[in-house]
Amino acid sequence: MTINRRNFLKLSGLTGITVAGTGSLQAYSFKNAHPTDRPRREHFNMCGYAAPKLDPVRIGFIGLGNRGPDAVARMRLIEGVDIRALCDIRPEKVNQVKKSLDNSVHRPEIYTGKEEEWKKLCERPDIDLVYIATPWSLHTPMAVYAMSQGKHVCTEVPAAKTLDECWQLVETSERTRKHCMILENCCYDFFELLTLSMSRQGLFGEIIHGEGAYIHDLFAGNFSKEKYYNMWRLKENFRNGNLYPTHGLGPVAQVMNINRGEKMEYLTSVSSNDFMMSARAKELAAKDDFYKPFADKSFRGNMNTTTIRTGRGYTIKLQHDVSSPNIYSRIYKISGTKGSSLKYPLPGRFAMGGENWLNQEEYQSLEKEYTPAIVKKMGEMAKKVGGHGGMDFMMDWRTIDCLRNGLPLDIDVYDAAAWSSIAPLSEWSVANHSNPIAVPDFTSGSWKTNQPVDILLKNAGNTGVVN
Ligand SMILES: NC(=O)c1ccc[n+]([C@@H]2O[C@H](COP(=O)([O-])OP(=O)(O)OC[C@H]3O[C@@H](n4cnc5c(N)ncnc54)[C@H](O)[C@@H]3O)[C@@H](O)[C@H]2O)c1
């Protein structure tokens, strides 16, 4: 069933104008809901879209804080990459990365010192791909501008913060026919790729349920004056919901073929109270004026749990907690009619047709049989290069290999929009007593015929590695 406004109201039981609020009846109007549908004028399908081959792939990087420099260091190892430009508002960051390329063939121009210098990088005619690793609020503005200047885009996660931004990405990518990839590196981790390969071979049967998470203790980092530029990450926590859904959702969505034969229909979301951040902000502000602007703010609940239902009736549970002393976990659970898998707590395990995990020997034999092509080809190299154990390198290598071979990217603008949309949708649901809200169909119906992601490296895999 397609959800439109009328049947969404029916589905959510909101045909009356009131629903129970905290302790009393709260006025509820659908007008307050996110506009999950949006009138579309025309649709050009970017899923499966093959742009002309590029060789070399000339890249400009924006954002060289914690994350960006590692991307530059990985990309310089990939054949056919030409690093043409580097941008960060902070001169010391950009100079440091430029220096790191001194003993390489790359001679990038630098852009720094002003809020909008990055626009000049996007405007250069000799750049094919803009790679964005800035604070979240800049991802969509930068991606939209870069595509409008004729550049493909890879943006860090999440690609967008609001539904409007999600639509801007989709509409701009379709209009310009430029790729807009969200850099969801967790789709390229070893266990996730193995699970995807096994699911394609039917080992889990029909998928019933998936779970993912981003549970990572960033408490100290978020309050640190140095860790994130201008305290952007702490400020994001003024929003309440699952602000960082894509690490958990991306690999589950690929197993379920979301946007490619299946779609997410609606979600509901609940947040715990904040038992950590507000107290810390007040404690720090009592000793240090720097923290005063944070002292009277309300912060997101420490743990958010969001559940999504898909058209075929699969369910997805996503969790998000970056502010309590929790064990790191992306959960990554898949369960189907024939078997299940679970990654966290490590090590990842499989159970086939029963309640018990396979033993190590059985696991290894599955691994031997179902390791996908990208891991066979690049897995060892990726482990040596590193970047979250190698997944970052596999992601970058695959992206460049696709661009050089004129192939569709594994992760397209509809994935960027749908996966990122969970943040604003969960915010809305949390603010509205966990009411359900429809997930927009960013593909304009093309999900019905879009083909699953290629995991066989068809017509690809000829990109090497350089020193
Ligand atoms: N996929 C992953 O595993 C992963 C891991 C870490 C971070 N990230 C993502 O990477 C992004 C960056 O995170 P980070 O930890 O590096 O943050 P950071 O604050 O260290 O880096 C952001 C950089 O952007 C620069 N910047 C800010 N405004 C700018 C502007 N107007 N023009 C040019 N540069 C500007 C800052 O100077 C800073 O160096 C975030 O989106 C984050 O979610 C992803």
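Just so you know, ligand 1 is whichever comes first in the structure, and atom 1 is the first atom listed for that ligand.
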For ligand 1, find out whether one of its N or O atoms is nearer than 3.5 Å to an N or O atom of Tyr229. yes
Taking Asp392 first and then Arg74, would you say they form a salt bridge - that is, a charged N and a carboxylate O separated by under 4.0 Å? yes
Which residue and heavy atom of the protein sit nearest atom 26 (N) of ligand 1, plus the separation: Ile89 CG2, 3.8 Å
What part of Asp392, side chain from CB on, backbone N/CA/C/O, both or neither, has a heavy atom under 4.0 Å from ligand 1? neither
Lys227, NZ atom: more than 12 neighbouring heavy atoms under 6.0 Å: no
Look at atom 13 (O) of ligand 1 and find which of Tyr214, Trp232, Phe61 reaches it with the closest heavy atom. Trp232
Less than 4.5 Å apart, side chain to side chain, heavy atoms only: is that true for Val466 and Ile78? no
Considering the heavy atoms of His388, write down every atom of ligand 1 situated less than 4.0 Å from one of them. 3 (O)
Output the list of atoms in ligand 1 that are nearer than 4.0 Å to some heavy atom of His139, sorted by atom number. 41 (O)
Salt bridge or not between Glu265 and Arg309? Use side-chain N to carboxylate O under 4.0 Å. no
Heavy atom of the protein closest to atom 25 (C) of ligand 1 (residue, atom name, distance): Asp88 OD2, 3.3 Å
Counting heavy atoms only, which part of Asn185 comes closer than 4.0 Å to ligand 1: side chain, backbone, both or neither? side chain
for atom 44 (C) of ligand 1, nearest protein heavy atom and its distance come out as Glu156 OE1, 3.1 Å
Atom indices of ligand 1 within 4.0 angstrom of Trp118 heavy atoms, with elements: 32 (N)
In terms of residue, atom name and distance, what is the protein heavy atom nearest to atom 6 (C) of ligand 1? Arg67 CD, 3.5 Å
Shortest protein heavy-atom distance from atom 15 (O) of ligand 1, along with the residue and atom involved: Asn66 ND2, 2.9 Å
Can you sort out which atoms of ligand 1 are near Arg90, meaning under 4.0 Å from one of its heavy atoms? 36 (C), 37 (O), 38 (C), 39 (O)
Ligand 1 to His247, heavy atom cutoff 4.0 Å, flagged ligand atoms 1 (N), 2 (C), 3 (O)
Any donor-acceptor N or O pair under 3.5 Å, side chains Asn66, Tyr228: no
N-O pairing of Arg280 and Asp274 below 4.0 Å: no
Which residue supplies the protein heavy atom nearest to atom 21 (O) of ligand 1, what is that atom called, and how far is it? Gly65 CA, 3.4 Å
Provide the number and element of each atom of ligand 1 under 4.0 Å from a heavy atom of Gly63. 24 (O)
Per-residue contact class, Glu115 against ligand 1 - non-hydrogen pairs under 4.0 Å: both
Is any side-chain N of the basic residue among Glu192 and Lys343 closer than 4.0 Å to the acidic one's carboxylate O? yes
State, without any angle test, whether Asp321 and Ser324 hold a side-chain donor-acceptor pair at a distance under 3.5 Å. yes
The protein heavy atom nearest to atom 40 (C) of ligand 1 is Thr134 O, 3.4 Å
Between Glu236 and Arg239, does any side-chain N to carboxylate O distance fall below 4.0 Å? yes
Pick from Asn230, Leu121, Leu138: the one approaching atom 28 (N) of ligand 1 most closely through a non-hydrogen atom: Leu138
Exactly one candidate in Asn459, Asp55, Asn462 meets side chain to side chain donor-acceptor pair (under 3.5 Å) with Asn405; the answer is Asn462
Out of curiosity, is Tyr111 lining ligand 1, as in a heavy atom under 4.0 Å away? no
Carboxylate-amine/guanidinium proximity below 4.0 Å for Asp128 and Arg404: no
Cationic tip of Arg233 above Tyr244 ring, under 6.0 Å, 45° of axis: yes
Proximal atoms of ligand 1 relative to Pro135 (non-hydrogen, under 4.0 Å): 22 (C), 24 (O), 27 (C)
To which protein heavy atom is atom 12 (C) of ligand 1 closest, and what is the distance rounded to 0.1 Å? Ala133 O, 3.4 Å
Can you sort out the partners of Arg398 under salt bridge (charged side-chain N to carboxylate O under 4.0 Å, His left out), two or more places apart, ordered by chain and number? Asp410, Asp454
